[in-house]
Novice: 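Dropping the structure in here first, questions after.
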Number of protein chains: 2
Amino acid sequence: MASIKDVAAEAGVSVATVSRVLNDHPSVSADARTRVLAAVEALGYRPNAVARSLRTDQTHTLGLVISDVMNPYFTELARSVEEEARALGYSVIIGNADERPDLQDHHVRNLLDRRIDGLLVSPTDGGSPLMLDAVRAGTPMVFVDRWIPGVDVPVVRADGRAAVRDLVTHLHGLGHRRLAIIAGPAATATGQERVEAFREALRTHGLDLPDAYIGQGDFQAASGRRVTEGFLDLPEPPEVVFAADNLMALGALDAIRARGLRVPDDIALAAFDDIPWFVHTDPPITAIAQPTGELGRAAVRALVDRIEGRPPESVTLPARLVVRRSCGEPAPQEPSASPEPPPAQSPAVQSPVRRSQT
Amino acid sequence: MASIKDVAAEAGVSVATVSRVLNDHPSVSADARTRVLAAVEALGYRPNAVARSLRTDQTHTLGLVISDVMNPYFTELARSVEEEARALGYSVIIGNADERPDLQDHHVRNLLDRRIDGLLVSPTDGGSPLMLDAVRAGTPMVFVDRWIPGVDVPVVRADGRAAVRDLVTHLHGLGHRRLAIIAGPAATATGQERVEAFREALRTHGLDLPDAYIGQGDFQAASGRRVTEGFLDLPEPPEVVFAADNLMALGALDAIRARGLRVPDDIALAAFDDIPWFVHTDPPITAIAQPTGELGRAAVRALVDRIEGRPPESVTLPARLVVRRSCGEPAPQEPSASPEPPPAQSPAVQSPVRRSQT
DNA sequence: CACGTCGATGTAATCGATTCCACAAGGAGG
DNA sequence: CCTCCTTGTGGAATCGATTACATCGACGTG
């Protein structure tokens, strides 16, 4: 593969001049410039990003470590992150932690070794020493969706409190009084926060959240199923199951079906994290939607700010309730939207995999 | 960040010795080795992958360019690719082409500039000059799922012919005679192949595939919807719509619902590419399942073989029909699956059909 | 006319590793 | 006791870029 030396030889100039042309440095004669450009063309030369990175100590690359790529929420997040990064001149390397702290560490280490310019993390656990060290060492970092309390790193996330309150009001209005939650791992900030928001919302309606109605899940479908089975085995099973993420909601749906029960007639179901598929499930699932794309973009902007020396900002965006049919009674007409089945272009109900064609 | 020089100084040896220890070269004294290791530990030293790559001309990185991350099929593919690559000591950088040739080129160029060791591609189109050049220049490459005919690159893919035959037989048995297909882009090998397989299967049942029953889609949900609307507007609409990928199937489902029609009572629906959510849609969708995980792993193995100087093999694995309820009549119990859900790997019984490439 | 300035260019150092080569010490063999 | 290996080690070149510094004309000005 042709190197800058070959180009210099072909153009009859020094490598310094070639480099100047390539980085459009002001003081290069028009003549030299055209000769270099011609040589570049002729040889099909492309600068070696590895060498450039070694010299300049920047890779123009961001690392993104997420907890589960197979979760549509994170997939969408990854997509928007890559999009925004590309717009700002950065590439993204994704590391999938699969909710496993050891894998998370593996990826963080790998990305650090590759000298990425900054790291976007949605931590799986309470924070490994490795990650803490990286922060201390000055690696630009931003947390997205989940975060580690007490660490001085900007956080970009959605606040679900209001939406959870709306949900509980909705459920209460439908006459439900025994509400249970499938919680996420206690080690994650979002896991805890969602339970707290739920408990608080219940309290404002004079309802209680007994321990038996808090199931411990791990953000994976299997745990949703397991926990739901536990709920159904209770002497007094809940009337509503609220899953703290979409995968666990699917697991819950399975468990309910396996008992021959029906949603929402026998038991209601709601989820945190809205995903396109929830429109098509049987029945369509009421969920709390995060502004996922916006979160990804904001996270990238914060990280790039930090990298390029501007002060980064934490960002919190509101989540909102999207009512469908899984909690009872047909959905009230959604804002600007036609009735549910034809999932029109409403911001609330999006058709499966809506693409904001760029 | 500490460099190899710092370690050498700390350990009282030369950089050469440090390097030898790190790459466990045989001739290093036990004494030097322990001193170096201690220094590494003390400084928290980590080798700079950028510098190492520049010198050794290998990055231990694979590029994966896929056509659409938001498509669960590709998400799962990406996941299995990363897993297998990690097991073999490689990292993966994913590029999402979003079915856009220009974006595909952007990522290929970017990956090439980063001097990745090899490239895994699921081409969006018939092959840009850039990609052809890369092949000619000797970049190790393997095609996954889709491929470009006439290019000498190993292909790892699923063969759906038998499964499509099974599907048509199934549909025919249910009394359906007017079958339509939403095809993928003609520029993709899979797009064409699936139509051909469908047409052939129909022929063996004495059925015809009129042009009006071939809709041109682009593997995105919106196109599935559009094409389906066209079908429904025909004087004699089809009894079955077969979508060549999962997203278009969802679009079709939308279109059908929007007309107030019911699946499968008014019209049947089937899809190529099975995904976990098809179990939960209303109704569950009959689909042709690819051994996605196995494909990803096989592709990585082929690519790494090529990179490390072993002859790479093309691999073709059989897809299989998964009958659910979207074409009529309750699904016969699926093989080993109980209530189905956990989107587990399903390498049920498929025996890999390998054939080597010439 | 001499000198300072500025634009264009080349030489060489540098980034952090790997690795070829030279060399010293020590042991084996004659 | 002198070669000849073997083993362990360090010096220095190298990978492909960027960039500080030096150089060299040409030009403007006093």
Side-chain angles (χ1 to χ4, degrees), chain A residues 1-40 43-61 89 109-117 137, chain B residues 1-37 39-40 43-61 89 91 109-117 137:
Chain A
M1 190 149 254
S3 84
I4 197 171
K5 256 185 224 159
D6 304 315
V7 176
E10 172 86 9
V13 297
S14 74
V15 295
T17 301
V18 175
S19 176
R20 289 195 188 94
V21 171
L22 264 30
N23 299 284
D24 45 39
H25 182 95
S27 79
V28 185
S29 67
D31 176 55
R33 164 165 282 113
T34 57
R35 292 223 309 287
V36 168
L37 259 20
V40 164
L43 298 175
Y45 168 77
R46 295 248 78 211
N48 183 327
V50 175
R52 190 199 295 256
S53 292
L54 175 60
R55 182 60 233 253
T56 62
D57 201 34
Q58 2 172 14
T59 49
H60 275 275
T61 302
R109 185 159 14 237
N110 181 26
L111 292 166
L112 255 23
D113 284 354
R114 301 180 111 82
R115 300 303 194 263
I116 43 119
D117 294 342
Chain B
M1 191 149 253
S3 82
I4 196 171
K5 256 184 226 163
D6 305 315
V7 176
E10 172 85 11
V13 297
S14 73
V15 294
T17 301
V18 176
S19 177
R20 287 193 192 97
V21 171
L22 263 30
N23 299 285
D24 44 42
H25 182 94
S27 81
V28 186
S29 67
D31 176 55
R33 162 165 282 114
T34 57
R35 293 223 310 285
V36 167
L37 260 18
V40 164
L43 299 175
Y45 168 78
R46 295 248 79 209
N48 183 327
V50 175
R52 191 199 296 256
S53 292
L54 175 60
R55 183 60 234 254
T56 61
D57 200 36
Q58 357 173 16
T59 50
H60 276 276
T61 303
S91 301
R109 183 156 21 235
N110 181 26
L111 292 166
L112 256 22
D113 285 353
R114 300 180 112 80
R115 303 299 194 265
I116 43 117
D117 293 341

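Quick note on labels: first sequence line is chain A, next is B, and so on, each numbered from 1.
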Novice: Side chains of A/N48 and A/S3: does their closest heavy-atom pair fall under 4.5 Å?
Specialist: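 They are not in contact (no side-chain heavy atoms under 4.5 Å apart), so the answer is no.
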
Novice: Classify A/N23 by what it touches in the nucleic acid, base, sugar-phosphate, or nothing, heavy-atom distance under 4.0 Å.
Specialist: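 The answer is sugar-phosphate, as A/N23 gets under 4.0 Å only of primed atoms, P, OP1 or OP2.
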
Novice: Select base, sugar-phosphate, or nothing to describe what B/V13 touches, counting heavy atoms under 4.0 Å on all strands.
Specialist: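 Here B/V13 touches the backbone only, sparing every base.
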
Novice: Just to confirm, is there a sub-4.0 Å distance from OP1 or OP2 of D/dT9 to any side-chain nitrogen or oxygen of B/S29?
Specialist: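 Yes, B/S29 has a side-chain N/O under 4.0 Å of OP1/OP2 on D/dT9.
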
Novice: A/R55 has an atom CZ; how far is it from atom P of D/dA17, in whole Å?
Specialist: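 After rounding, the reported distance stands at 13 Å.
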
Novice: Do A/R52 and D/dT18 share a donor-acceptor pair, side chain to base, under 3.5 Å?
Specialist: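 No, no donor-acceptor pair under 3.5 Å.
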
Novice: To the nearest Å, give me how far apart NE2 (B/H25) and P (D/dT7) are.
Specialist: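 Going from B/H25 (NE2) to D/dT7 (P), I get 11 Å.
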
Novice: Do any side-chain nitrogens or oxygens of A/S14 fall under 4.0 Å of OP1 or OP2 in C/dG10?
Specialist: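 Checking C/dG10 against A/S14, a side-chain N or O does come within under 4.0 Å of OP1 or OP2.
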
Novice: Side chain of A/S3 only, heavy atoms from C-beta on: which candidate in D/dG16, C/dG16, D/dT18 is closest?
Specialist: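 The answer is D/dG16.
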
Novice: Roughly, in whole Å, what's the span from NZ in B/K5 to P in D/dG11?
Specialist: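 It works out to 12 Å between those atoms.
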
Novice: Please classify the nucleic acid contact of B/A49 as base, sugar-phosphate, or nothing, using heavy-atom distances under 4.0 Å.
Specialist: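 It contacts nothing in the nucleic acid.
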
Novice: I'd like to know if A/D31 pairs up with A/R35 as an ion pair, taking the criterion as any Lys NZ or Arg NE/NH1/NH2 lying under 4.0 Å from an Asp or Glu carboxylate oxygen.
Specialist: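 Answer for the salt bridge query: yes.
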
Novice: Rounded to whole angstrom units, what separation is found between the CD1 atom of A/I4 and the C1' atom of C/dT11?
Specialist: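 It works out to 14 Å between those atoms.
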
Novice: May I have the distance from B/M1 (atom CE) to C/dC15 (atom P), rounded to whole angstrom?
Specialist: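 Rounded to the whole Å, the gap is 16 Å.
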
Novice: For B/R20 and D/dG11, give me the distance from atom CZ to atom P, rounded to whole Å.
Specialist: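 Rounding to the nearest Å, CZ of B/R20 and P of D/dG11 are 11 Å apart.
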
Novice: Taking atom CG of B/N23 as the centre, report whether more than 12 heavy atoms of other residues, nucleotides or ligands fall under 6.0 Å from it.
Specialist: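 Buried by this count: over 12 neighbours within 6.0 Å.
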
Novice: At 4.0 Å (heavy atoms only), tell me whether A/S27 reaches a base, stays on the sugar-phosphate, or touches nothing.
Specialist: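 Counting heavy atoms under 4.0 Å across all strands, the contact made by A/S27 includes a base.
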
Novice: A/S19 near the nucleic acid: base, sugar-phosphate alone, or nothing, with a heavy-atom cut-off under 4.0 Å?
Specialist: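 Base: the residue A/S19, judged by heavy atoms under 4.0 Å, touches a nucleobase.
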
